[in-house]
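What follows is one structure encoded as structure tokens, with my remarks underneath.
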Amino acid sequence: MNILVLNCGSSSIKYQLLNMEAQPVLLAKGIVEKIGLPLGIFTHKPEGKEKYILEKPIPDHVDGMDLILKALTDKKYGVIASLDEIFAVGHRIAHGGEYFSHSVLIDEEVKAKIKACSEIAPLHNPAHLKGIETMERLLPTIPQVAVFDTSFHQTLPPKAFIYGIPYEYYENYSVRRYGFHGTSHKFVAEKACKILGWDITEKKIITCHLGNGASITAIDKGKSVDTSMGFTPVAGLVMGTRCGDLDTGALLYICDKKGYTSLDAVRLTNKESGVFGISGVSSDFRELTSAADAGNYRAELALDVFCYNVKKYIGAYAAVLNGVDLIIFTGGIGENDERVRNSVCTGLEYLGVEFDEAVNLKARGVDRILSTPHSKTFVMTITTDEELVIATDTLNLVK
Ligand code: ADP
């Protein structure tokens, strides 16, 4: 049974086709980029076959999806004989608001709710809807499932999600903390417990998803009880290009000084900030590390700020949970950057962490325990797989 996983952005479509028969197997993945621009790019990577790249104008999402479906069934680059071999489609949806605490089969009512959330996720949800409607047109008989970034965090108690502003903004405009990366936080916590033979309902876990976007979640007995991203994914940690927690007064001051509109402020805080903004070098941690090693002060500062932020949230969430059994690192940085993990875990002895620097040094892109056998609190690096979660949820709902 093949599941097509889609992540539709405003100008891009990322996809994976997975065979979910016994052991999930990736058949192909790729990305359509620069939709609507003068020149689009389509990159298709079939497993065990040559990569296929096409550059041409891709006016809209229908054209983009058309390219994907043709590539999947192409004689040379394809991995399936016909589109009938696609059992269902699973969509990553950024924002489910307070409507969805689980993945759901998409129908008219679900679409209306995703649309209702567009107001609070204008950069993401309209593009997701476009993706859903495109698939309805191109593959009308195939069921579609929505998997939300926000749903795992719907267990947050009000004291963790209410902001310190007049309550009417929550009641009338749904302004509250929602949290994101939910599929990843849930997946790595469950995977780690499986590896350790633990019952998640007895454990206190802090998951650090550190990628271009980065967030930390406090998980108590398997449920998300607090998380660092907020109403939007710009809150919490300093990230690649996002600012993370920022005094609203500072932002208003900057807007006054520069005459910025709210759109300018979105650009500043989402695209020009984070470690990129601090360093002026890059948002990529490999490039930052090289620059810091070469003596670039601001690159080193950016890395320091990032690690300090992660550590601060771990401390806060240990307080929230009244202790912690396991700290997990995941995402491109969490899975690969031993220096970040080392910097974060140095000085966590008060939490019962005995960090094994030698093991840490060699752990890249693997599932591994990074604490010593005597450590009261476990530390692990766990590889995440959001597409697999989406495919699994899709299969379970459609079956
Ligand atoms: P996204 O949020 O876009 O999914 P990823 O989870 O892929 O991001 O993480 C991207 C980040 O991971 C980049 O900052 C990149 O530098 C970092 N990264 C990837 N591989 C390595 C590595 N081997 N060492 C250090 N950092 C890495």
Side-chain angles (χ1 to χ4, degrees), residues 5-16 26 29-31 33 43 45 92-94 123-124 127 147 149-150 179-188 191 207-217 227-229 232-244 270-294 296 299-300 302-307 309-310 328-345 360-368 370 381-390:
V5 176
L6 294 179
N7 183 353
C8 297
S10 53
S11 66
S12 70
I13 308 171
K14 288 189 200 141
Y15 66 96
Q16 285 195 7
L26 176 69
K29 66 176 177 180
I31 181 166
E33 294 169 278
T43 311
K45 296 180 190 162
R92 177 208 162 219
I93 308 290
L123 302 177
H124 295 100
V147 180
D149 268 16
T150 46
F180 298 87
H181 289 143
T183 43
S184 177
H185 289 291
K186 179 170 184 277
F187 177 76
V188 295
K191 189 178 182 191
T207 45
C208 309
H209 178 107
L210 311 179
N212 280 318
S215 67
I216 304 201
T217 295
T227 191
S228 59
M229 284 180 167
T232 70
V234 80
L237 299 170
V238 167
M239 307 175 214
T241 60
R242 292 177 226 166
C243 63
N270 281 272
K271 304 265 184 226
E272 298 171 357
S273 297
V275 291
F276 168 72
I278 297 170
S279 67
V281 171
S282 173
S283 61
D284 189 295
F285 273 57
R286 288 160 290 198
E287 290 175 23
L288 280 176
T289 306
S290 304
D293 286 348
N296 184 311
E300 194 178 337
L303 290 169
D304 275 354
V305 169
F306 180 83
C307 295
N309 261 264
V310 175
I328 298 173
F329 290 93
T330 191
I333 300 160
E335 292 168 26
N336 294 298
D337 196 324
E338 69 280 356
R339 299 223 288 209
V340 165
R341 292 188 306 239
N342 193 46
S343 168
V344 171
C345 292
N360 176 53
L361 215 55
K362 283 179 264 163
R364 281 199 169 191
V366 289
D367 300 325
R368 190 144 300 161
L370 306 176
T381 174
I382 297 283
T383 55
T384 194
D385 193 340
E386 290 162 281
E387 285 76 15
L388 180 61
V389 178
I390 295 171

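Any value given below was found using the heavy atoms of this structure, including those in side chains, with hydrogens, waters and symmetry copies removed. For ligands, and for the atoms within them, numbers begin at 1 and follow the listed sequence.
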Please check if any side-chain donor atom of H185 sits under 3.5 Å from a side-chain acceptor atom of T207, or the reverse. yes
Looking only at side chains, do S215 and S228 share a donor and an acceptor under 3.5 Å apart? no
The protein residues that pass the under-4.0 Å heavy-atom test against ligand 1 are G211, N212, G213, S283, D284, F285, R286, G331, G332, I333, N336, D337, R364
Sequence neighbours left out, what pairs pass salt bridge (charged side-chain N to carboxylate O under 4.0 Å, His left out) with at least one residue falling in residues 270-283? R267-E272
Residue pairs meeting salt bridge (charged side-chain N to carboxylate O under 4.0 Å, His left out), one or both in residues 275-284, sequence neighbours left out, come to D284-R286
Under-4.0 Å salt bridge between R364 and E335: no
Suppose we screen for ring pair (Phe, Tyr, Trp, His ring centres under 6.0 Å). Which residues come up paired with F180, at least two apart in sequence or across chains? H95
